[in-house]
Amino acid sequence: MKLYEYLGKDLFDRYDIPVPEGRVVENPEQAAEAASELGEVVVKSQVLTGKRGKAGGISFASSPEEARLAAEKIFNMELGGFTADKVLVEKKVQIEQELYLALTVDGTAQRPVVLVSLDGGMDVEDVPEDRMIRWPVDVTVGLQPFMVREICRKLGVEGNLQKEFIKLLPRLYKLFREMDAELAEINPLALTSQGLIAADAKVTIDDDALYRHPQLPRIKEKTALELKAEELDLAYVELEGDIAVMANGAGITMATLDMVQHYGGAPANFLDFGGGADVEKPSQALELLLGTNPRVLLINIFGGITRCDVVAEAFARVRESKGIDLPVSFRLVGTNESEGRTILEKAGIKSFTSMDEAVSHAVKLLDAS
Amino acid sequence: MKLYEYLGKDLFDRYDIPVPEGRVVENPEQAAEAASELGEVVVKSQVLTGKRGKAGGISFASSPEEARLAAEKIFNMELGGFTADKVLVEKKVQIEQELYLALTVDGTAQRPVVLVSLDGGMDVEDVPEDRMIRWPVDVTVGLQPFMVREICRKLGVEGNLQKEFIKLLPRLYKLFREMDAELAEINPLALTSQGLIAADAKVTIDDDALYRHPQLPRIKEKTALELKAEELDLAYVELEGDIAVMANGAGITMATLDMVQHYGGAPANFLDFGGGADVEKPSQALELLLGTNPRVLLINIFGGITRCDVVAEAFARVRESKGIDLPVSFRLVGTNESEGRTILEKAGIKSFTSMDEAVSHAVKLLDAS
Amino acid sequence: MSIYINDKTRVLVQGMTGNQGSFHTGQMLAYGTRIVGGVSPGKGGQSVEGVPVYNTVFEAVEKEPADASILFIPAPFAKDAALEALAAGIKILVLIPEHIPLQDAMDIMAQARQNNAVVVGPNTFGLVSSGASKIGIMPNQYFIPGPVGVVSRSGTLCYEIVGHLTENGVGTTTVVGLGGDRVVGLHFIDVLEEFEKDSDTRAVVLVGEIGGSAEEEAAAFIKSSMSKPVIAYLAGKSAPPGKRMGHAGAIIERGRGTFESKVEALTEAGVKVADLPTKVPALVKEVTDGK
Amino acid sequence: MSIYINDKTRVLVQGMTGNQGSFHTGQMLAYGTRIVGGVSPGKGGQSVEGVPVYNTVFEAVEKEPADASILFIPAPFAKDAALEALAAGIKILVLIPEHIPLQDAMDIMAQARQNNAVVVGPNTFGLVSSGASKIGIMPNQYFIPGPVGVVSRSGTLCYEIVGHLTENGVGTTTVVGLGGDRVVGLHFIDVLEEFEKDSDTRAVVLVGEIGGSAEEEAAAFIKSSMSKPVIAYLAGKSAPPGKRMGHAGAIIERGRGTFESKVEALTEAGVKVADLPTKVPALVKEVTDGK
């Protein structure tokens, strides 16, 4: 779950990471009011899209009236498909240099990794490898001052800035660990005459650990259908085609889409309903798919932890209750395969054992429809 | 630094370890007032001596008047050489069983160790080894629920009590680690119908880590001289004899006392001034010793990190400024030995190279004085 | 033959009394896995499919020494159960659950490194030494002995491919599911290294997908250190960039980890990449026949 | 010969530019210790007694590989410096500072165990391979080569006894100071085990004191596993029970760890216990002469 900048900065503040003084406002008048308290300000759209600055979501204002106008513009602006409900009005910081600092997960090292660069700002992706220091942290040791000194040596940093880093990095690491962050990024990290200040905040919380953080608001920037899918714990992505696809497992779902394309079709979605022995999950997945009004339905089940009979049962049940009249291509093999096939046969549904056949049949059904 | 029970319980409360409701009072009237709020209470002397209960420092009271009387008695009571400035008045807890729980340091394992027994209360020292479970905790893992389940299995504990332990133990471990405790002991840990409650609190904070805990009060229950010594970072203990002993290093100081006794003398104190290259430390140590009016002074220096010239210089300086007229036996060898001996000779002090000779000379001086 | 496990491997099942735990205990026993005990706190003294259940892993290994443990434990409690297994001396840990928090996964891996233990998963179907021992949740019937080692990031897609191999009469030595999470214990190169050493494995099938850089790292390893032929299938050719497709790893980020970059790296390393799952058996036969 | 270190051991000095660090760098060099670098954050580029100073341990070992490091670092920063040395691959760590917080000491030991490193101290005088290498703060002149291994909990008392040995013409193989804190890296039995294996060590002197149970554990080890003669001296015979005598360990608790219990355990294990430091040399000569 990505956090809005102002929520990320709330966390920073809680972990003693300096942030500019600011106010979260919900209309242009409040923005003017905030500016009258703060003086020269920066007005920032609170949306989750990247490249917000380049797209015009950030303005400077040197008077309350300018702040009001800037906020008005931003509240009416669409950024990456979203409009802002909130705007952050912050005291303008005199930046001497823009640095970059992040903590994220290094999957290969199986460790948190610190990323630090003296070349922060808009184009940090283009910083050459030798100017972006990476330091994987052993979680049994934690981020110790000596590691920061070593990072500073590699950066050529000494003196006061090194002291600032020695204070700041362990705090960001603590936030990263305790708040179950996947990413805690400060770009730019502003070097000012008062020391380092987090001029931006990109914090992503691990969805799987959200239950440990009931105090965090739940942020949803998704389509209604995707929200519904998330609620049902289904991995669902809308695509452009006509063949609705449902499978169990991300890899095989991807492979099914690949094969649909291979046979000349176009998938309407990616839907991995995961697995499990529960009849509810596939039923809900089917109901969700039917709501999208696809022209053909392709179901690809290779039972493992998922049992074929349970999926067949779910299909038969939804078919009866909702009435499925669109063409269906059903593939069913694996755990409890014969029980599943029997259920489908009773419901008058023919099923395939081969994925190839099921997919090419689905494309044929589309062409025929 | 040992904490008074009420301060230990403040810490427990901060770490969500249940304690009885209570008030800290400073006179009998406040005790009566507390009892009128709390009902049946227990009135507990806040002194640091052990066996407080057996010595009469704990009373039960079922009315404000009884509480007043109990507090009055306790305020006037001397326990282990100390009288209480504060008394803790606590709501009486209905105890079903008295358990024992502690975290301390296992030097051999180099780890924190959890001690748990179902046989808590006054005579916990006598609990047989197989009914006192010890579980050393790897600090890189921390105290995890599975360890508590395993401890419970060894204790034969299941169900609700196991759940209570799974909640409680990690909290006590967290306190132990974060607060730099050497000991965090709950005896008795009261099993009540509301679950586990810490009926007592014995928490000792590592003196060497006190600087990390500025919020903790500094507790001093020592003689004036011992306090002075502590202030000067000297290891000083008053003893019963007449020969004042000063040496550098705890082991050699002990061995010097042993040898004084071996030759028929009696040491007046233990004073290890540590070491170091600074002239202040031995000067202060000497001044402190002179303040105790000993009959003979025995100085035993084996220079290592301590330099002989520095100690000789300190002695000559103090001798001149304070005027030392008591008999002195001085032993001086090790780092910068000849420089030290020259300084002493200039000051007209004869010194020994052998510890044996210096000690037996000191005993002779005593006999002659 | 096999890597990591064999017919002598003594296996514990943590979370044995739950729905999944008991079902797959039965399945694993049916496959021939040597399950020596189950662990379900508070359920000690019960038994599942004739296997005794204990309250703690320590209690279980006191009664019956074990080499491996498979976890059917809800994600919020999986870290504790995994650390328990490691503390009790288990050297092969198979983590079935999905949705284990990332920070927990990193804690588990740190302790596994300290204990020199192998972690398979989390979010894996497990691993199987074909015909000898299955520590996982894959359907039994497709895993028959043969000369091919299989390693996969995804589960069902791996069954699909092993199923095709089986239909074509090609069996497997060991099949390993790495798991779909961002932090997992084994990576392609760990398993490839074992297959290279395993005398019975004559060819390896690698089942990858878009996202991350594991396939590129595998390609570099294959090029530098493998003598055995490798066949690959990669899912995600049709995936639109930037769309999240279930697996946390399967995100196309900043142009790295694309389908094209992976195919290129593998091809360059001498790996034959199948364009459909169905085409894997023919490619495998090409390199194993007559050898 | 020697244990742990020898004349080839390459030594770093952490905190080299401080008063103690620079003084003892000179003393160690004078003894013959092979000091390859110093570390003092912010002082990189300076030199002490001709030895270059670096900003970090990593920088130092990049320039000059090192096996051991000795710390002259104020207690509040000692944990960080120790962890740095361990992370940079140092395998013998000598912790001179006293007053290191107990929790910090336990953190250091946990990482040392993971890195298979030996920690001497904290609150130790260090160790010396007589005539070859001194990594510590003991006065140089008393440590001459000979057939006796010495291990001690206290510092100055150990010099006293080694001084008596030297006066009597008895030299030492290795002298190890365990350190006076409650949590230290090496215990008596670790060092006794090394002395038992060291072909040049013909007898061992153990210098103990009241408090704790280290001497009793040593006695058990000597009885079960040592063939070489052991002589002991124990301080604290005259200590009143319950009085704290400087070392955190030297507290008589609950009647355990008394002078009498230690003497009894050691005597029972065949150890000769000297009643004065001056009597150690004669007892040593008794067991080594004619051997």
Side-chain angles (χ1 to χ4, degrees), chain A residues 15-16 99 101 103 105-106 108-118 129-174 176-178 191 195-196, chain D residues 12 14-17 37-46 52-64 66 69 71 73-90 93 95 97 100-101 103-117 119:
Chain A
Y15 282 86
D16 290 323
L99 317 179
L101 172 61
L103 261 150
V105 175
D106 181 334
T108 305
Q110 307 165 327
R111 288 174 172 90
V113 61
V114 184
L115 302 172
V116 195
S117 176
L118 299 182
E129 279 292 304
D130 65 330
R131 294 189 57 84
M132 174 66 76
I133 308 303
R134 292 160 184 261
W135 189 282
V137 180
D138 182 337
V139 293
T140 73
V141 182
L143 182 55
Q144 301 295 331
F146 80 80
M147 302 175 187
V148 187
R149 290 200 306 274
E150 186 58 21
I151 290 168
C152 285
R153 182 173 76 86
K154 288 173 189 283
L155 288 168
V157 163
E158 292 182 342
N160 271 338
L161 183 51
Q162 176 171 318
K163 279 186 196 139
E164 289 273 310
F165 273 131
I166 287 176
K167 270 194 296 188
L168 199 65
L169 266 66
R171 291 174 187 169
L172 191 66
Y173 177 80
K174 193 160 189 266
F176 178 79
R177 290 278 293 165
E178 292 184 353
L191 180 58
L196 293 172
Chain D
L12 280 185
Q14 287 177 261
M16 187 184 253
T17 57
V39 178
S40 289
K43 305 283 169 64
Q46 300 185 5
V53 176
Y54 304 96
N55 282 318
T56 72
V57 178
F58 285 89
E59 186 183 9
V61 298
E62 269 172 26
K63 299 284 162 51
E64 290 281 351
S69 185
L71 267 72
I73 300 277
F77 310 106
K79 171 178 153 182
D80 187 47
L83 296 183
E84 180 180 11
L86 293 170
I90 295 296
L93 200 58
L95 303 180
I100 293 181
Q103 303 287 349
D104 290 4
M106 292 193 287
D107 287 339
I108 294 168
M109 301 313 160
Q111 293 305 323
R113 287 192 299 268
Q114 280 183 41
N115 290 279
N116 296 314
V119 177

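Since the model is a prediction, treat every value here as computed from it, not as a measurement. The basis for the numbers below is simple: all heavy atoms, side chains too, and nothing from hydrogens, waters or symmetry mates. First the proteins, then the strands, lettered A, B, ... as listed; each starts at 1.
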If you look at every heavy atom in A:Val113 and A:Val105, which pair is closest and at what distance? CG1-C, 4.2 Å
Got a donor-acceptor contact below 3.5 angstrom from the D:Ser40 side chain to the D:Thr17 backbone? yes
Just so I know, are the side chains of D:Asn115 and D:Ile90 near enough to count as touching, which here means a heavy-atom distance under 4.5 Å? no
Shortest non-hydrogen contact between D:Val57 and D:Ala85, atoms and distance: CG1-CA, 4.2 Å
Show every side chain to side chain donor-acceptor pair (under 3.5 Å) that has at least one partner inside residues 156-165 of chain A, sequence neighbours left out. none
Within residues 76-84 of chain D, which positions have a heavy-atom distance to chain A below 4.5 Å? D:Lys79, D:Asp80, D:Leu83, D:Glu84
By a 4.5 Å heavy-atom criterion (distance strictly below it), what part of A:Arg149 contacts chain D: side chain, backbone, both, or neither? both
Once you round to the nearest 0.5 Å, how far does CG of D:Leu12 lie from CG of D:Leu71? 10.0 Å
In terms of the angle between their ring planes, are D:Phe58 and A:Trp135 parallel, tilted or perpendicular, with boundaries placed at 30° and 60°? perpendicular
Whatever's closer than 4.5 Å to a heavy atom in chain A on D:Glu59 counts as both
